Peer 1: 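Below: one structure in C-alpha cells.
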Amino acid sequence: MIYPRLGDPRADLSWHRRQLDVAHFAETATSHRFATEVDLVVVGGGITGAGVALDAASRGLSTVLIEREDLAFGTSRWSSKLVHGGLRYLATGHVDVAWESAVERGHLMTTIAPHLVRALAQVVPVMDDTAVRSALLTRAGFLAGDVLRTGARTPSNTLPPAHFLSADKVRALAPAIDSSRMRGGIMAWDGQLVDDARLVVAVTRTAALFGARIITHANVTRICGDGVDVHDTTTGTEFHITARNVIAATGVWAGELDDRVHVHPSRGTHLVLDAGRLGNPRAALTIPVPGMSGRYCFLLPRPDNTVIAGITDIGVDRIDPVPPVPDEDIEWILSQVNTVLSRPLDRSDVLGAFAGLRPLVTMGAAGSGDTSDISRKHLVSRAPEGHITITGGKLTTYRRMAQDAVDAITDTPCITTSIALVGAAADLPRRSPGFFATDPWVMRYGAEAERVRALAWLLPNPDSALDPVADHTSVARVDIAHALLHEGAKDADDVIERRLRLDTVDVDRSVAQAAVAEVVDALTGELSAGVR
Ligand SMILES: Cc1cc2nc3c(=O)[nH]c(=O)nc-3n(C[C@H](O)[C@H](O)[C@H](O)COP(=O)(O)OP(=O)(O)OC[C@H]3O[C@@H](n4cnc5c(N)ncnc54)[C@H](O)[C@@H]3O)c2cc1C
C-alpha cells in the first residue's frame with residue numbers, strides 16, 4: 001500500500017495554488033515558445049473526475065482537472081452517502097454490477113479510505129402485515145450479499161454478516177419504530193461515508209499529491225482536437241490547454257460537451273431530521289415501498305445527530321445546478337417512513353431537504369459505432385473527435401469507473417487499489433462496526449486530525465477555535481481554516497456547502513455563516529499579505 005506522507009504539502013490545495021496553475025496555462029497559451037502540452041485534461045470535479053485525475057496522475061500522466069464551480073458541486077454531494085455492496089443490482093439480476101460494487105466497497109472500507117467510511121447496520125423491520133415470503137426473500141438477498149462480501153474478501157470484522165433480529169433488538173437499535181406492529185427484523189451491514197463531498201476532496205487532494213493540477217471555478221467551454229478552451233469564471237479570462245487526451249466526467253451535464261450522450265436525469269430527494277426526534281437510532285431502517293418491488297425508503301442516522309430520510313426517483317427534464325425540492329417529494333417521503341413509526345413525522349420535523357440528479361445516460365444513434373458501453377451502470381465512450389466521456393455509475397464505484405476511462409488512453413497499469421487517500425494511515429486504530437471515530441477531527445480527517453487542530457494557533461481567540469460553530473455539527477473554526485488552507489475552498493460558499501456541509505440544516509447555516517465569514521476574512525487578509 002502507498003500511504004500519503006502526513007503533512008505532504010503537495011496534497012494541500014489552496015486558492016493561491018489554483019491561481020498559479022491558471023497563470024501557468026493562461027501565460028503559456030499565449031506564448032508558443034513555452035506552450036505546455038499535458039497528457040490529460042479531466043473535465044469535472046465530482047467523484048468521477050476526481051477519481052480519473054488520481055488514476056491518471058498515479059500512472060505517471062501529466063494531468064489537469066478543470067471544474068467549473070467547486071469540487072463536489074454536482075450530484076456527488078447530494079447522495080445518500082452510502083458505500084453499498086450492490087444488493088439492489090442482485091435483485092434485478094445484474095450480478096456483475098453487484099460484484100463490482102461489493103469489490104469497490106471492500107477496497108474503500110479496508111484500504112483506500114477506512115477513515116471516511118464506517119459499517120452501518122441496516123434493519124428491514126418485519127411488521128404484522130409483512131408477508132412471510134417477502135421476509136424470506138429479504139433474508140435470501142442478504143445471504144447473497146454475504147456471499148459477495150466474502151468473495152470480495154471484505155472481512156467480517158469490517159462488515160459483519162446478516163442475521164435475523166428479535167423485536168427487542170430492533171426496538172433498541174431504532175426506538176421510533178411502531179413496536180405494537182413489529183415482530184422483529186433482518187439486519188445487514190453496508191458502508192456509510194462521513195460525507196460524500198469529503199470523499200471527493202480527499203480523492204482530489206490525493207491526485208494533487210501525485211502531481212495533478214486542480215483548477216476550480218473554470219468552465220471548459222469547448223473540447224477540440226488538441227485540448228480544451230477554458231473560461232476562468234472568477235476573472236473572465238479565456239485560455240486554451242493543449243492536451244493529448246481529454247476525459248469528460250461531467251455527470252448530468254455530459255450532453256453539453258458531447259451531443260451524442262443523452263442524459264435522463266432522475267431526481268432523488270432526501271429530508272434531514274433531528275435524530276433525537278427518532279430516539280437517536282443506531283441503525284438505519286430500510287422500509288419497503290408498498291406495491292413497488294425492489295423499492296425502499298431509508299432512515300439513515302448520520303454522525304451529526306441528524307437522520308436523513310429518502311429517497312425519491314423522479315425523472316426530470318430540466319438540469320438545475322442545485323435542484324429545488326418540490327413539496328410532493330417531502331410529502332411522499334414522510335408518508336413512506338411513517339408506515340413503520342409509532343409517532344408519525346410531519347413537516348415541522350423536517351430540518352432541511354436536498355435533492356440531486358442521478359446521471360442516467362444513453363448514447364444517441366449517431367456515432368454509436370465508435371461507442372463502447374463498458375458496463376450497464378457506467379458508460380465510457382469515445383467521441384469521433386477523440387475525447388472520452390465517462391458517466392453513469394455511482395459514488396461507490398468511482399475508482400473502477402476511473403480505471404476503465406484511463407485504460408482507454410494508456411497501457412500503463414492502474415495502481416489505485418493500492419493507494420490510500422490523504423488521511424488514511426496503516427496505524428489508525430480500527431473502529432468497531434457501527435461507529436465513527438468519537439473524536440470529530442479523526443472522524444473527518446483521519447491521520448490529519450492533529451494537523452487540523454493545530455490550526456487554532458493561526459486564528460483569533462485560539463482557545464475557542466475548537467468549539468462547534470452551530471447546533472447540529474461538531475465543525476469548529478479550525479475546520480474552516482483547513483478548508484481554506486488545505487482543501488481548496490475559495491470562499492464562504494465553498495466552505496459551507498462543499499467542505500463542511502453546514503448547508504443541510506437550514507437554521508445551522510445562518511448561525512455558521514458568521515463564523516465562516518470571520519475565518520475567511522482573517523485568513524484571506526493573512527494570505528494575501530503573505531502573497532504580496
Ligand atoms: C439522490 C442520489 C443519491 C445517491 N446515493 C448514492 C449512494 O448512496 N451511494 C453511491 O454510491 N452512489 C449514490 N448516488 C450516485 C452518485 O451520487 C453519482 O453517481 C455520482 O455522484 C456522480 O458523480 P459524477 O462525478 O459523475 O457527477 P457530478 O458529481 O455531478 O460531477 C460533475 C461535475 O462536472 C462539472 N462540470 C460540468 N460541466 C463542466 C464543464 N463544462 N467544465 C468544467 N466542469 C464541468 C460540474 O460542475 C460537476 O461538479 C446517488 C445519486 C443521487 C442523485
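Fair warning: this is a prediction, and the values are worked out from it, not measured in the lab. For ligands, and for the atoms within them, numbers begin at 1 and follow the listed sequence.
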Peer 1: At what distance, to the nearest 0.5 angstrom, does NZ of Lys394 lie from CE of Met401?
Peer 2: 8.5 Å
Peer 1: Once you restrict to heavy atoms under 4.0 Å, what part of Arg267 touches ligand 1? Side chain, backbone, both or neither.
Peer 2: neither
Peer 1: One residue to check: Thr397. Relative to ligand 1, which of side chain, backbone, both or neither has a non-hydrogen atom less than 4.0 Å away?
Peer 2: neither
Peer 1: Does Arg318 CZ have over 12 foreign heavy atoms under 6.0 Å away?
Peer 2: no
Peer 1: Report the part of Ala50 (side chain from C-beta onward, or backbone N, CA, C, O) that has a heavy atom under 4.0 Å from ligand 1; answer both or neither where that applies.
Peer 2: neither
Peer 1: Cation-pi check, Arg501 to Trp78: give yes when NZ or CZ is under 6.0 Å from the six-membered ring centre and within 45° of the ring axis, no otherwise.
Peer 2: yes
Peer 1: Looking only at distances, please establish whether an N/O atom of ligand 1 is found under 3.5 Å from an N/O atom of Ile47.
Peer 2: yes
Peer 1: Mind checking whether Thr269 contacts ligand 1 via backbone (N, CA, C, O), side chain (CB onward), both or neither, at a 4.0 Å heavy-atom cut-off?
Peer 2: neither
Peer 1: Ligand 1 and Gly356, any nitrogen or oxygen pair closer than 3.5 angstrom?
Peer 2: no
Peer 1: Atom 35 (C) of ligand 1: which protein heavy atom is closest, and how many Å away?
Peer 2: Glu67 OE1, 3.1 Å
Peer 1: For atom 30 (O) of ligand 1, what is the nearest protein heavy atom, given as residue, atom name and distance?
Peer 2: Thr75 N, 2.9 Å
Peer 1: Could you walk me through whether His482 and Tyr445 pass the ring pair (Phe, Tyr, Trp, His ring centres under 6.0 Å) test, one step at a time?
Peer 2: CA-CA 10 Å; His482 182 64; Tyr445 310 106; 4.8 Å; yes
Peer 1: Which residue and atom name correspond to the protein heavy atom nearest atom 26 (O) of ligand 1, and how close is it?
Peer 2: Thr48 OG1, 2.7 Å
Peer 1: Is ligand 1 less than 4.0 angstrom away from at least one heavy atom of Lys81?
Peer 2: yes
Peer 1: Of the backbone atoms (N, CA, C, O) and the side-chain heavy atoms from C-beta on, which set of Val43 has a member under 4.0 Å from an atom of ligand 1: side chain, backbone, both, or neither?
Peer 2: side chain
Peer 1: Is the shortest distance from a Lys or Arg side-chain nitrogen in Asp21 or Arg18 to a carboxylate oxygen in the other one below 4.0 Å?
Peer 2: no
Peer 1: Considering only NZ, NE, NH1 and NH2 on the basic side and carboxylate oxygens on the acidic side, decide whether Asp494 and Arg498 come within less than 4.0 Å.
Peer 2: yes
Peer 1: Answer yes or no: does atom CZ of Arg282 have more than 12 heavy-atom neighbours from other residues, nucleotides or ligands under 6.0 Å?
Peer 2: no
Peer 1: Closest non-hydrogen protein atom to atom 36 (N) of ligand 1, residue and atom name please, with distance?
Peer 2: Thr250 CG2, 3.9 Å
Peer 1: To the nearest 0.5 Å, tell me how far Thr63 OG1 sits from Leu54 CG.
Peer 2: 9.5 Å
Peer 1: What is the nearest protein non-hydrogen atom to atom 43 (C) of ligand 1, stated with its residue, atom name and distance?
Peer 2: Arg68 N, 3.3 Å
Peer 1: Provide, to 0.1 Å, the distance between atom 34 (O) of ligand 1 and the closest protein heavy atom, together with that atom's residue and name.
Peer 2: Gly44 CA, 3.3 Å
Peer 1: Check for me whether Thr391 has a heavy atom closer than 4.0 Å to any atom of ligand 1.
Peer 2: no
Peer 1: Does Val252 have a non-hydrogen atom less than 4.0 Å from ligand 1?
Peer 2: no
Peer 1: At what distance is the nearest protein heavy atom to atom 22 (C) of ligand 1, and which residue and atom is it?
Peer 2: Ser76 OG, 4.0 Å
Peer 1: When you look for heavy atoms under 4.0 Å from ligand 1, do you find them on the side chain of Tyr398, its backbone, both, or neither?
Peer 2: neither
Peer 1: Is the cationic atom of Arg77 (NZ for Lys, CZ for Arg) positioned less than 6.0 Å from the six-membered ring centroid of Phe73 and within 45 degrees of its normal?
Peer 2: yes
Peer 1: Relative to the ring of His217, is the ring of Trp15 parallel (under 30°), tilted (30 to 60°) or perpendicular (over 60°)?
Peer 2: perpendicular
Peer 1: Quick test of your reading of the model: are Asp313 and Arg295 salt-bridged, counting only N-O distances below 4.0 Å?
Peer 2: no
Peer 1: Tell me the protein heavy atom at minimum distance from atom 40 (C) of ligand 1, and give that distance in Å.
Peer 2: Asn219 OD1, 3.4 Å
